[in-house]
Each structure stands twice: as structure tokens, then as C-alpha cells.
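Only this structure's heavy atoms are used, side chains among them; waters, hydrogens and symmetry mates stay out. Counting starts at 1 for both ligands and their atoms, following the listed order. Please read all numbers here as calculations on a predicted model, not as lab measurements.
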Amino acid sequence: MGIASSPEKTRTLFVIKSDKSRKHNFSDMFSGSYDLIETTFSKDSTELLRKHFSEISLIVIDTADNADVSINFIREIEADQKFRAVPVIIIADDSLEKEEERFLAEGVSAFTTYSTRQNLILLQTANLINLRENAETGIVSDIDEVTGLFNRFAFFRVADTILEDNPDDEFVIYISEVDGIKGYNEKNGKEAGDALLRTIGEYMRNIGDECLAAGRFAGDQFVSLFRKDEKLNSRLLELNVNEAYSFFKGDAGIDKLRIRCAIYEDIEHGIPISETCDRALLALQTIRGKYGKTIVHYEASVLSEHRKKERIEDSMKEALEQNQFRVFYQPKHDVNTGELTGAEALIRWVHPDFGFMSPGEFIPVFEQNGFISEVDNFVWNRTCQNLNRWIKKGLKVVPISINASRIDFMKPDFFDNLHRASTEMNVPPQLLHIEVTESLFTDQMDELVEILTKCQKNGYKIELDDFGSGYSSLNTLSVLPLDIVKMDMSLVKAITNFKNMRVFSACINLAKSLGLKTVSEGVETNEQMWTIRELGGDAIQGYLYSKPLSEDDFEKYLIESTSDQN
Ligand code: C2E
Ligand code: CA
Ligand code: CA
């Protein structure tokens, strides 16, 4: 395959730059061999790309030192089916070298940096264009060499044709994912790994007589297309998966393999198969990591949730800039005296389209994409400002706890940031608590203990959140530097029955024996309060006293509660 260094037909590159890229002029380099359409990142750049789409052989993104702007752009264009075949090459500032993997994971074809030799960039560019053109003319094989199944694009093409040719028939897509192949490869070598993939491939192809096309996506994902008929209903597919599963465990003697499957029934004609597969993969994601769940049926809600998630991600940065987040405060009271002893900061989002949103809707998204650390930082700063304001007004303030997430602790400047914020606002550390959850402490335990100890030594109290929910490990209580344990709402709700009450009581006593105070969460009734008092709890938080309150309402609450005490 020759290098298109002096192509007989001049190809066109779409070159997109950020403001900071201009000093490195790659346009000169490319303009010797290609026609260029140049633009900078803006609202109109995708429009421009769409307009010239048919002329473009390759997209060059000169991202300078800003990875996010390029990744957003890539996601935007990748969302459009027709752009997926166009290769993308990234040229980045050397400081982004570590981001290569992230870019490749987004589907870019090649990643280079400013220090890459220019002729290497040109060779890569030419190779990518060649590869694409050859693939389009069918020179590149349609067949996955390892399994003999179609590769991704061939599967799409074949399946789309089948659907187009049979507009009145109903079809089913079946996507499966096999966990553990990597481990198997490492243990048994690549050849054995390939043989295993072939066996799985066979299995996928022979699931029913009606398999019309079967393919392997990259790595461990398999896809098959069936005609939907009596013989091959989804129940049968389920049986097959279970059978395959037992086969791997039993006959093949491989017990570390796990299979997950998504079934997309009644696939819609007119929607490209690639899109249908994307949707099935979304459904598959929902059972990833869920033990014992092997089969999921695609439902429209998966897509609407995914779209909502995308909209949340699209609007989150703006939300912070435009002050759409609100910090609410939920009071904590002494269970014996009723005195106001503290509050927990809880975030809300007043979204321009979705309205008032609870954290349950967006926090998981932020935890996944890392934005949570900016939000937590905002909550911390805002709370320091509020405390400063209330102290200046002469109010009798109480300690406020702020929720911290796993990602917060991965930032090397976590402590410095929060300590700076409270110092600048003259808020004594005693007025700030940090709530952490057990799920934080899966790995990197030592580092976390170190950071929390530093916080504690500087006067910030540490609360262990959600104790007793999920898989509590008693170990956490002794390993972590803690001051307070928050009994999870589920424990409190359960104390109506005697046995559960004993469990609750044991938890309180355990905390006490370690010298820790307790806060019981989600207390809604007087009965719960009396029981907690009886069992020796310290503080309670819940609707019995108050829901989380806006800043203004909490200020009033502070004034009223503390004036009661005088
Ligand atoms: P959490 O930290 O366990 O917060 C307690 C949740 O229980 C709050 O829900 C609160 O409104 C609710 N709650 C309080 N009392 C009662 C009650 O008596 N009955 C019932 N049914 N519920 C009660 P919210 O505000 O929706 O927050 C949900 C979760 O979102 C929080 O659980 C926390 O994990 C997370 N979250 C909230 N704000 C932040 C934040 O600023 N940063 C981080 N990282 N996470 C946050
Ligand atoms: Ca909390
Ligand atoms: Ca909690």
C-alpha cells in the first residue's frame, strides 16, 4: 500500500483549531499536500463540517492544551452516524501526552503531539486516508480473522441490507459481552484466547437456525441478527444464554467467564443497525457490574435516560457558571434536648429545562464524569461564605457537614483547597465537617486515611455517611479517622421490628465503644426518635424536624432555633 505523498487527486482535510493553537502553524505543513477547510472551535464548526462532509477525507484537530473542547466536539460529531467513517487525527500540546488513551477511547484514529516530527504526522495522515478509501472499496476484509464472523462495519452493512430488503418482517438483535477473556489470555496465552473467541463466535452463530448475520465488535462483544419468529422468541434466546453460560463453566472448564446479553426486540426499520446496536449496548451497560444479572431487554426508557444524561452533561458547566446550583441545609438535632446541633449541606439544581432537580438525578452522572469535584468544591465554598455571613450577622451558627466523593480525594490539592476556602472566609474548621461514604474506601485506602487524618488534625470533623447501608464493613470504623457515624435511613426505617432494633442498638454501641458520636438519618416519626433516644443515639436528622431548607429558610431556622435556647 503506497503512501499518498503526492496524491493524484487532491484530498481535503478539515482542520479545526483552538484559540491557543495558532502559534504552531500546521496549516502550512498540510497545505503542501492537501486542500484545507480551516476553522476554530465554535457553534458553527459542526455546521461547516456538515456542509462540506462529502469532500472531506480526514479531520485534523489541533487541540493545543485543551482536551475537553476537542472531546466534546468529537462526541458531537460521532453522534452523527455518517461522520463515524471519517478518520480523526489529534495534534496536541505535549502537556496532553497522558490524555492519549482518553482520546483513543473516544474513537479518534491517531494521536500526535506538537513534538512529533512533521513528516511523521504527514505519513500518518496519508495512511489513514488510504485505509479509509481502501475499506470503502472493499479491499479491507469484512471478516474478523479470529472468529470468522463479520467485523463491525461489515455486520452493519449486511444487516442494514437485510432489513432494507425485508421491510415487512420483524427482526431481533442480540448483543453479548463476555467478561474474563483478558484474564484468560493472560493466563493461557494469545492462541488459547483466540481459540476461546472462536468457540464463543460459533456459539453466537449457532444460537438458532435463523441467525441471519453474526459479527464481533472489538474485543469481547458479539452481535447477531435474527428474524423474529415463533421458534426463536426471546425466551429461547434466554435459554441459550444460560446454556452457553453452563457450557463455558462446565464443558470448557472456564469458570471465570461471564456473559451478559442485551436483546433488542422489534427493531425499527429505518433506523441504521449501528444505532440499534448502540441502544442495545446502552441497555447492556445498565447490567454491567450487577452480579447475577445476565440478560436485559432494551426498553425505550434506556434511551431517554441516556439522552437526559447527555443533556445533563451538556449543561453542567453552564449551570455552575450561571449559578443554577443551590445549596440546601438540613438541620441535625440533639435527640435528648432537641437542641439544633448541626446541618448537612445538600445540593439542588434549578435547571432551565428540567426544573428543580434532586441530587439523585445528577450526582451519579457527575460522579461518573468527574464533575462532582467541582460541584463539591462549590458547595464547600458557598457554605463557607454563608457561615461567614451568618457569623457577621451575629447568628449563633452550628457546624455544617459537606458530602465528599471519591474523586475529590484523588485531587492532590483537596486539603489545600478546602483549607484555603475556610481560612479566607474566617470560618473556624470546627464549623465544618466532611461526610464520606464507605464506598470511597475500596482501594487507595492508605492515601485516604492520610488525607482524612490531615483534615482531622486541622480541626475538621469526619463523619462516616450511610453506615449500615449496602455492604458495611466494620473494619472501616477502626481504620478510618472518624468522629461521627451516620446511621443510614434504612436502619432507622427498620427499627419497627424487635430484631432490627437489636441490630440498630448494636451499631450505636459499636460506635460508642470506639468513642464516636452518632447521627441517625431519615428520622420521620416521634416513635423513631424515642427509640433512638432510648438506645443511646446522639443526634437525629430527618423530616421529623425539617426537610432540607434553602439558604434563606435555614437562616430563619437558625435564628428561631437558637432563640428558643435562650
Ligand atoms: P445523603 O448524604 O445520604 O443525604 C441524605 C438524603 O436523605 C437527602 O436526600 C435528604 O433530603 C434525604 N432525607 C433527609 N431526611 C429524610 C427523611 O426523613 N426521610 C426521607 N425519606 N429522606 C430524607 P437528597 O438531598 O436527595 O440527597 C441524596 C444524596 O445525594 C445524598 O445522600 C448524597 O449522597 C448526595 N448528595 C447530595 N448533595 C451532595 C453534594 O453536595 N455532594 C455530593 N458529593 N453528594 C451529594
Ligand atoms: Ca450525606
Ligand atoms: Ca446518608
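Taking all heavy atoms of Gln541, Gln330, Glu521 into account, the minimum distance to atom 15 (N) of ligand 1 is reached by Gln330.
Between Glu313 and Lys309 there is no salt bridge, since no side-chain nitrogen of the basic residue lies less than 4.0 Å from a carboxylate oxygen of the acidic one. In this structure, Asp314 does not pair ionically with Arg311, as no charged nitrogen and carboxylate oxygen lie closer than 4.0 Å. Residues Lys308 and Glu361 are paired through a salt bridge, judged by an N-O separation under 4.0 Å between the basic side chain and the carboxylate. Ionic pairing of Glu344 and Lys332 is not present here: no N-O contact between side-chain nitrogen and carboxylate oxygen is shorter than 4.0 angstrom. A salt bridge links Arg102 with Asp68: the closest approach of a Lys/Arg side-chain nitrogen to an acidic carboxylate oxygen falls below 4.0 angstrom.
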Practice task
I would like to know whether Glu275 and Arg279 meet salt bridge (Lys or Arg N to Asp or Glu O under 4.0 Å); could you show each step before the answer?
Solution key: CA-CA 6 Å; Glu275 167 75 30; Arg279 293 180 185 182; 3.2 Å; yes
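Protein heavy atoms are found inside the 4.0 Å sphere centred on atom 2 (O) of ligand 1.
Here Glu463 fails the criterion, with no N, O or S atom under 3.0 Å of the Ca ion (ligand 2). Among the backbone and side-chain atoms of Asn403, an N, O or S atom lies under 3.0 Å from the Ca ion (ligand 2). With a cut-off of 3.0 Å, the Ca ion (ligand 2) has an N, O or S atom of Asp465 in range. The distance from the Ca ion (ligand 3) to the nearest N/O/S atom of Asp488 is not under 3.0 Å.
A 6.0 Å sphere centred on CD of Glu310 holds more than 12 heavy atoms belonging to other residues, nucleotides or ligands. Heavy-atom contacts from other residues, nucleotides or ligands closer than 6.0 Å to CD of Gln430 number more than 12. At most 12 heavy atoms of other shown residues, nucleotides or ligands fall within 6.0 angstrom of atom CD in Glu299. Counted within 6.0 Å of CZ on Phe356, heavy atoms from surrounding residues, nucleotides or ligands total more than 12; the atom is thus considered enclosed. When the shell of 6.0 Å around NZ of Lys517 is examined, it contains 12 or fewer heavy atoms from other residues, nucleotides or ligands.
Residue-level proximity to ligand 1 for Asp376 is carried by the side chain, the only part with a heavy atom below 4.0 angstrom. Of all the heavy atoms of Glu367, none lies under 4.0 Å from any atom of ligand 1, so neither backbone nor side chain is involved. Of the heavy atoms in Thr437, none comes closer than 4.0 Å to ligand 1. Residue-level proximity to ligand 1 for Met489 is carried by the side chain, the only part with a heavy atom below 4.0 angstrom. Residue Asp465 touches ligand 1 through its side chain alone, judged by heavy-atom distances below 4.0 Å. Proximity of Ile363 to ligand 1, defined as any heavy-atom pair under 4.0 Å, is confined to the side chain (atoms from C-beta onward). The residue Val327 has no part lying near ligand 1, judged by heavy-atom distances below 4.0 Å. With a heavy-atom cut-off of 4.0 Å, Arg348 touches ligand 1 through its side chain alone.
Protein heavy atom in closest approach to atom 32 (O) of ligand 1: Leu346 CD2, 4.9 Å. Ranking the protein heavy atoms by distance from atom 39 (C) of ligand 1 puts Ile347 CG2, 3.6 Å first. The single protein non-hydrogen atom nearest to atom 30 (O) of ligand 1 is Pro359 CB, 3.5 Å, given as residue, atom name and distance. For atom 21 (N) of ligand 1, the closest non-hydrogen atom of the protein is Glu524 OE2, 3.2 Å.
Shown in contact with Asp466 at under 4.0 Å from a heavy atom are these atoms of ligand 1, numbered in order with element: 3 (O). Atoms of ligand 1 lying under 4.0 Å from any heavy atom of Gly542, numbered from 1 in the order shown and given with element: 15 (N), 18 (O). Ligand-side atoms of ligand 1 in range of Ser405: 44 (N), range being under 4.0 angstrom from any heavy atom.
Glu521 contributes atom OE1 as its closest N/O/S atom to the Ca ion (ligand 3). Summary: OD1 is the N/O/S atom of Asp466 found nearest to the Ca ion (ligand 3).
At least one N/O-N/O distance between Asn403 and ligand 1 falls below 3.5 Å. On a distance-only criterion, Val379 and ligand 1 share no N/O pair closer than 3.5 Å.
Aromatic ring orientation, Phe325 versus Trp349: tilted (interplanar angle from 30° to 60°).
Put simply, part of Pro548 is less than 4.0 Å from ligand 1, judged by heavy atoms. Residue contacts with ligand 1 include Glu344, since one of its heavy atoms falls under 4.0 Å from the ligand.
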